[in-house]
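Working notes for the structure below.
Residue numbers start from 1 in every chain, and the chains themselves are labelled A, B, ... in the order their sequence lines are given, proteins ahead of strands. We use all heavy atoms of the structure for the numbers below, so side chains are in, but hydrogens, waters and symmetry mates are not. Computed from a predicted structure; not experimentally measured.
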Amino acid sequence: MSPTGGPILSMLIIIPLCGALVLVCIDGAREALIKRLALAISSLVFLLSLIVYAQFDPATAGMQFVERAPWIDSIGSSYLLGVDGISLPLLLLTTFLTPIAILASFSGITSRVKAYMICMLLLQAGMIGVFVALDLILFYLFWEGMLIPMYFLIGVWGGRRRVYATLKFVLFTMAGSVLMLLAMIAVAFLHQGSTGRSTFDLLELIGGSIPYGTQLWLFAAFALAFAIKVPMFPFHTWLPDAHVEAPTAGSVLLAGVLLKMGTYGFLRFALPLFPEAAAAFTPLISVLAVIGILYGALVAMVQDDLKRLVAYSSVSHLGFVMLGIFAMNVQAVEGSILQMVNHGLSTGALFLLVGMIYERRHTRMIEEFGGLSRVLPRFALCFLVVTMSSIGLPGLNGFVGEFLILAGTFRAHKGFAILAAIGIILAAVYMLWMWQRVMWGQSRRAENLTLNDIGRREMAMLMPIILLILWIGLNPNPLLRRMDASVAQLVEQVAGSPKADLPLLLRGFALQGLQPEFAHAIFTPNSQPRNPCESWN
Amino acid sequence: MTATVPLNAYLILSAALFVIGVAGVLIRRNVLVIFMAIELMLNAVNLTFVAFARFLHSMDGQIIVLFVMAVAAAEVAIGLAIIIALHRNKESMNVDEINLLKG
Amino acid sequence: MELILPQIDWAPFVPLAPVAIGGLTTLTAELFLPPGRKHLVAILSLIALAAAILLSINSWGPVLDPDRRMVRYGIHDSVVLDRFSLFFYLVLGLIGVLTILLSMGYLHNAAPDQGEYYSLVLFSVLGMMLMAAGGDLIVIFLGLETFSLALYTLAGFRKTELRSNESALKYLLLGAFASGFFLYGIALIYGATGTTILRQITAFLADGHPPEPLFLIGGGLLLVGFGFKIASVPFHMWAPDVYEGAPTSVTAFMIAGTKAAAFAAFLRVFLLALPALHMRWSAAIWVLAVLTMTVGNLVALVQSNIKRMFAYSSIAHAGYLLVALVAGGSSGIASILFYLVAYALMNLGAFAVIIAVQDGERERLLLTDYAGLGWQRPVLAACMAVFMFSLSGIPPTAGFMGKLYIFSAALAGDYPGLAVIGVLNSVISVYFYLRVIVIMYMSEAASPLPDRSRGQAPAVPASAAAVLAVLVSVLGTLHLGLFPARLLDLARQSVSVIAG
Amino acid sequence: MIWLIPIIPLAGSLIVGLIGRRMPRTLATVIACGTPSLSLLLSVMAFVRLLQMPAEGRLLRSSIGSWIASGDFSVSFGFLFDPLSAIMALVVCGVGLLIHIYSIGYMAEDRDYHRFFALLNLFLAEMLVLVLADNYLLLFVGWEGVGLCSYLLIGFWFERPAAASAGTKAFLVNRIGDGAMVVGLIWMILLFGSVDFQTVLTDAPTVLVYGSVTASLLTLLLFIGATGKSAQLPLYVWLPDAMEGPTPVSALIHAATMVTAGIYLVARSAPLFQLAPVSLEIVAWVGGLTALYAASIALVQTDIKRIIAYSTISQLGYMFLGLGVGAYAAGIFHLMTHAFFKALLFLSAGSVIHALAGEQDIRKMGGLRQFLRVTAGSFLVGALANAGIAPFAGFWSKDEILAAVYASGHGPLWVIGALTAAGTGLYMFRLYFLAFEGKSRLDAHMLSHLHEAPWSMRLPLVLLALGSATVGFVGVPPGSGLLQRFLGPVFPASAHEATAEPTSEVVLAVAVLAMAVGGIVMAYRYYLLDPQRSEALAARYPALYRTFFHKYWVDELYETAVVRPTVTSARTLSELFDARIVDGSVNGIAALAARAGSLLRRLQTGQVPTYILSILVGAVVLLGYLAFSG
Amino acid sequence: MEWLVFVPLAAMALVTAVLVIILRNPVYCALSLVGTFFALSGIYLLLQAQFVAVVQVIVYAGAIMVLFLFVVMLLDLGHELPAWLQRDRPRLLIGAGAVAILLLELVIPVGSWTARAPHGPQTSEVVGAAGNTQLVGRLLFTEFLVPFEITSIILLIAIIGAMVLARR
């Protein structure tokens, strides 16, 4: 039970759900009411989450506000929620960004407002669920369930190629996560095999003794799902499409929260469940992360669509996060978690800003702009802060995260840290080049000269983010302190496993594959006579 | 040469009849003839049942044949009704011309 | 000569009786009801099915004595009463009820209101129930023929439509052909074991008689018959054509009912009578499962007719069910039972939507007919979306839970390869299911139907009965998606009594 | 109290930047110029307190609190005021204040007046953070912060494409150095577990082995950062372009303060560098070569600000040269004097540009002295100081550096330095003669516009001229002047300063002075007496001239060797690899599935015989397997 | 002795069966099928299944075939091309191969099967004593009561179906 005595985590999930239900009952023509109601509900959730933040005990490494109820007994799955220092920042990020995203939709969404707001609230519930679920099946339920509202958000209110983008998004995500589902089941079975208890309770499953070879496969399945979500190179191509086509709020939440689910998944599930496999995969994933950092940055550099540019920048930024996670020491992991929040804030804000000029000009092509600083000074200031946050200017939030990641990574592997530092340079390249082309210089279209600067509502969206950007940059400790215990525990669980280099990993797989019984199990039906009745007698 | 015909002879005969029926279904286009071929198959099965009944000393086989005949009759009745209904809409009895539904 | 009637245990027939009686009654009532009140026939058949369901529920407790494995046998083992049969009675009863509900809406528009329709539905439900409960291969065969013959007729029910004729004819020709194989299989097994009663076959094999070629061939022929009925590749080709051409309500019924009944019998035979064959069968079924899933899903990708798409989808789902069958074990079989319920709910629900949104006389059969529907009929379209998500196995829906159980059974049974192929297939399927949603919500409506989101009321009201069917299905789908435990327990109990 | 020094300008920046537009302009101006005054006042007070302390323990600290604490690593918002920071802070605040005042007049017409002052204040704040931070990470905050301000100020007139791209270029080139510096910092954390100056610099001798590779690499990484910020080879390229910014910005940021951050960093890290002789050698050589290189380019440039910019690079090279031979105090000394005279030069140039309505080409000037007496006079002072003519400030500091170079046994470097001194005299006075002396080449429009600057601009000029003339005396006598004694305790004892004999020192000084004077004389002869001779000279050595004029084609080299390959490969990645291969394989899989579906679909012919055949074949195979597979 | 009866009957069954599937006129096909039915009926007699033999003639040859002929005549169906001309070759080849293999698959097991000692209760003596028809009747109403009833429903469905489908 939570210190407040109430099931506050469930409330966080249920309130938006109920809110969605309320919206269903309201006449779709009363758009103003619907908008305000949706905003109020999501803000209420945010306020509630602040209670969680306030009452969170930084000294406890384990789960807090734990709620447990029986759910599907027969397979050992239960309704199990909780937060710790790893999920808390992300939970807050989610509850913080959703009202902003809803506010951002007030002007951008003109059709089917009711359905839109329902989707937003459902999405919020799903996202919160992902970050608080501690039962594998429950987690998967939220993980996939959350695809549905996002699917609609992109598909209905998206841009010209929205259908392609949304299907790609869903299919890509599904392709990864179904294998994870199998791996989850396998984990539970293995646990059942060794303890006799059938459970999907993450906390109970951690620390189980899964044989090394099996771990490799299971980890690979988890890692694929999460890597697609992150997205890591080379599984990233859904992201630019989804981002470009999504409505502003969709992009904000997609970049701000959804991508974090992948990295969070690594921290919460993949690493603690399979520490040895994680260690074995570290070189591979680190290499991919570094490639992602550089690749995302390089590709971002030459994009001519603002949203696409930001999307590829996410690939690069998330590469940092992945690198930090797999450095597996306290600084790197804390930096990664912080960087998830930072990326959520800065990229979320970037999408908001891009959305704002899109609403004014109905284009996102960089070549259409130029010289906006003159016309939109307030916009320019906000954009500047966010840009600087994104490229990790010290004093703003991005720097703290990146620096901790680099410091931690350097500890684990000097080369990767150095390559990642090149990524920092490239980040400045693509962002500033974009800035130069969009905000500076002469306007390339006459329309640009008559644009209105951002108004009060838009400031209301941006100001909280900008304040947080500054606040985290100057005082990240409140967040870091709350992570400390949990991260230390995680690192302890995972670190110490022998690291394998890439050839060794491949050999491990190959040996697994060559073992006759294993190959058999994968590729052919079971040849052992098996009496189907045996288990019933 | 024994006095009685062995069971295998009956079974082989019925298997042959069954296969002839199958071949008929496969090669004929006329719906009615296909039906006849199916009847051939069912008759082959019947022969198997009766033969087994004889050699197992079990009447069950013979009883089953009666059911099969009833089923066959029912199938034919409905089948012919369908053919008539179809014929009202399309004057063809060739199965490969009945291919509105495909893909 | 004196006819000695055997001592009869009537209990096994109790749940069957209302259906049989209902079939006869509706047939008769149809003659006497005035033209305007023909819908009472439907009500009557609903009552019959409700009675069957209630009696089944009633039997559930008494039959089952927790201490002993309670199975009761009808005359000469012809009908077996155990929780397995009862589970299927309930499933089939549900399918029947939903079918009649959606048929009420359909026939109102599409075909003359004919009382024979409902009695045929009832008779085919009866046949399906017999198939599920049959303890004798002959009874199973007759049950199969009962519902098949009824379905042949139902498929051709819109007899002025060439497509309906063609559907019925193809179904009949191919069905009879497959029946021939099935029957030949029974004959060979009869020859090899001297009996057609499942329990005795089990006993015979358990006596130490090794399965001989004759027996194996017999079993194989049975497998062909079952494979045909569940529409497993390569015995599946009838399904798309028949499903497309048949009246929509009948298609729904066929998709849900045939599969359930065929699997019921398949399971009983497979598990009870032929454990000796299990090893070889599961290898064969492994291949069938993979083929069925893959072909079903791949071809469904390229369909433009919604009924046809569902036909291929049903083929793919048969593949998933076969996965669980291969996996075996009590959890595997229980997952089949669970999945069949989920499958029935989502398919019937989807078809109920198809019927509910038909535009007067015009059915929406092409996928493109659904353009913009999400905003013209928000509730129905939302339900359709739920069914699509469920069919593609996205939580929180029954379809997801069903797949979860099936694939966990596959893993438990040490078939990781099968599980992987299965889940990848379900990813393929996501594409075509979501395409329906894409069309409903993300493309502009071509037809001038009003758009609810702009505050306009629908032009053609949907049939209340069909809407009821939709709502029942959608609630069931979501309920099972969120709280699957109860049904899964029931399924497990049902499976636990089957052995013996 | 120390922390107030940077915070006050920060507050000023926020006030002016966010609500400055809504307040009277005078008030905004007062705030904008008042905050540096306050900071200066505070710095002076702190300086006085420092002087009251015993020489060995001159240190003031103040900490706001913890900044980042993660695991075993923590870093605080701590400030430190020791002699080195004191000098830096005083220079920054002092010169900064003057430039603020100057800007009141210079920017009076600009519509972005407020933005300018907000940025100027912000820059001051960041610069003060840089020099007052008590740890490397906080220093880095200021480090990048001044980079940002520099970027925004270079691009201040962002509508000019040249300004916009110059700003971007400045930031990016700086960022390259910063990347290396970040690596250095994280390595430092790994080695020392801390980035506090106190910990790192105290523990350095125990943690790092003298002359070890680690020590060398670590210091080199820091030095790469310094070359970026202080515009040394090979990262100097941004500084000449930075002249696109308003002239006060050039004066403040790109001459007096920000570009000296690298010097400060190296001086601050002296205990580290002291352990890495290789690094010191590299620092010295980079400094020396840069000095000569930049001077050679400055010889032939025609843009008044660019010449001064190259001069800045050259002078910074001197400073590094000093640091590299261990003459840290001399380096800082030159930094200080340079701040005065270079700010002076820039402001005078600004005054010229202001007077000529934006004209910057010295070939179009000439004879300005008669119109702009104050400007010309102050420019002359600055030029003399820059050229190192005794007794102006530049002479003393430059002399001290070169003396140390010679004393440390770097003969070749001394020669380079001396040559540079000659070059400095030449280019400085080429500029002076062309612009202020001789015949006027102004056109009518300029002539009509021509006017001496307002008082707010003249006052700083005069003050700076005074400073440039006199500030050198704090370092007299060489090696043991006030400044050296004040700074002495900050630097490692092993620093070998002024070990040469006084007599040889005097000889050297005279030699260098002679070189400088020779340069001036040459300038006089070539550019004032007989301008044709300069052209003849250029014609005589066309290759050399073109090399100088095109700045050794380094920009072009970077363009072809770095920028274009990067962009091309990025484009290839994006358009070929990402779109075709990565995305293509995804779409390919989807297309494959659809293709397979279509193929399979064709089997569904609609004809019963096909279906029968399918069942039959299936049955045959199935039966075959079941019955005959053994 | 039995062979003398069996062989001609079997030959007749096979020949007529083959004729069914190769004759081009449906009427001839139907008549050939009648021949098969009669041959089988004879074989049933040989197998001491008198009741079945009689039903075979009455139901099949009598009822079903008449129905067939009735429809053939009613719908006036034309001839069709011989099988080897009407279809594409590959399908025919595959079909022929499959049929051949199927024949082998069926014939080999049944041909090689050695019957166990019969163990059913209805030995020739029992049947002889009770009489074939009586025994059939008794079983039909006792052990096979349920299938029997189902059959009645099947026939009912057939009636409904035929009526529903065939009426205008």
Against chain E, label [X] side chain, backbone, both or neither, depending on which of its atoms sit under 4.5 Å from a heavy atom there.
X: Phe18(B); result: side chain
X: Phe52(B); result: side chain
X: Ala53(B); result: neither
X: Leu66(B); result: side chain
X: Leu7(B); result: side chain

Stepwise side-chain hydrogen bond (donor to acceptor under 3.5 Å, both in side chains) test for Asn46(B) and Gln56(E): CA-CA 10 Å; Asn46(B) 281 352; Gln56(E) 170 83 2; 4.7 Å; no

Taking the inter-plane angle between the rings of Phe144(E) and Phe67(B) on a 0 to 90° scale, is it parallel (under 30°), tilted (30 to 60°) or perpendicular (over 60°)? tilted

Using a cut-off of under 4.5 Å on heavy-atom pairs, state which of Leu102(E), Ile160(E), Leu103(E), Ile108(E) scores highest against chain B. Leu103(E)

Most contact-rich option vs chain B, by heavy-atom pairs under 4.5 angstrom, among Phe70(E), Phe148(E), Trp113(E), Tyr60(E), is Tyr60(E)

So what's closer than 4.5 Å to chain B heavy atoms on [X]: side chain, backbone, both or neither?
X: Ala63(E); value: neither
X: Leu14(E); value: both
X: Phe51(E); value: side chain
X: Ser112(E); value: backbone

Between [options], who has the most heavy-atom pairs with chain E when the cutoff is under 4.5 Å?
options: Leu86(B), Ile64(B), Asp60(B), Val71(B); result: Asp60(B)
options: Val65(B), Leu13(B), Ile83(B), Ile34(B); result: Leu13(B)
options: Thr48(B), Val22(B), Ile78(B); result: Ile78(B)
options: Asn43(B), Ile84(B), Leu80(B), Val76(B); result: Asn43(B)
options: Ser58(B), Ala85(B), Gly61(B); result: Ser58(B)
options: Arg88(B), Glu39(B), Glu75(B); result: Arg88(B)

Do Thr16(E) and Ser32(E) meet the criterion of a side-chain donor-acceptor pair at a distance under 3.5 Å? no

Is a side-chain donor-acceptor pair under 3.5 Å present for Gln50(E) with Tyr44(E)? no

Side chains of Asn132(E) and Met59(B), heavy atoms from C-beta outward: is any pair under 4.5 Å? yes

In Å and rounded to the nearest 0.5 Å, what is the CD1 to CD1 distance from Ile22(E) to Ile27(B)? 8.0 Å

Within this structure, what is the CG-CD1 distance for the pair Leu42(B) and Ile64(E), rounded to the nearest 0.5 Å? 9.0 Å

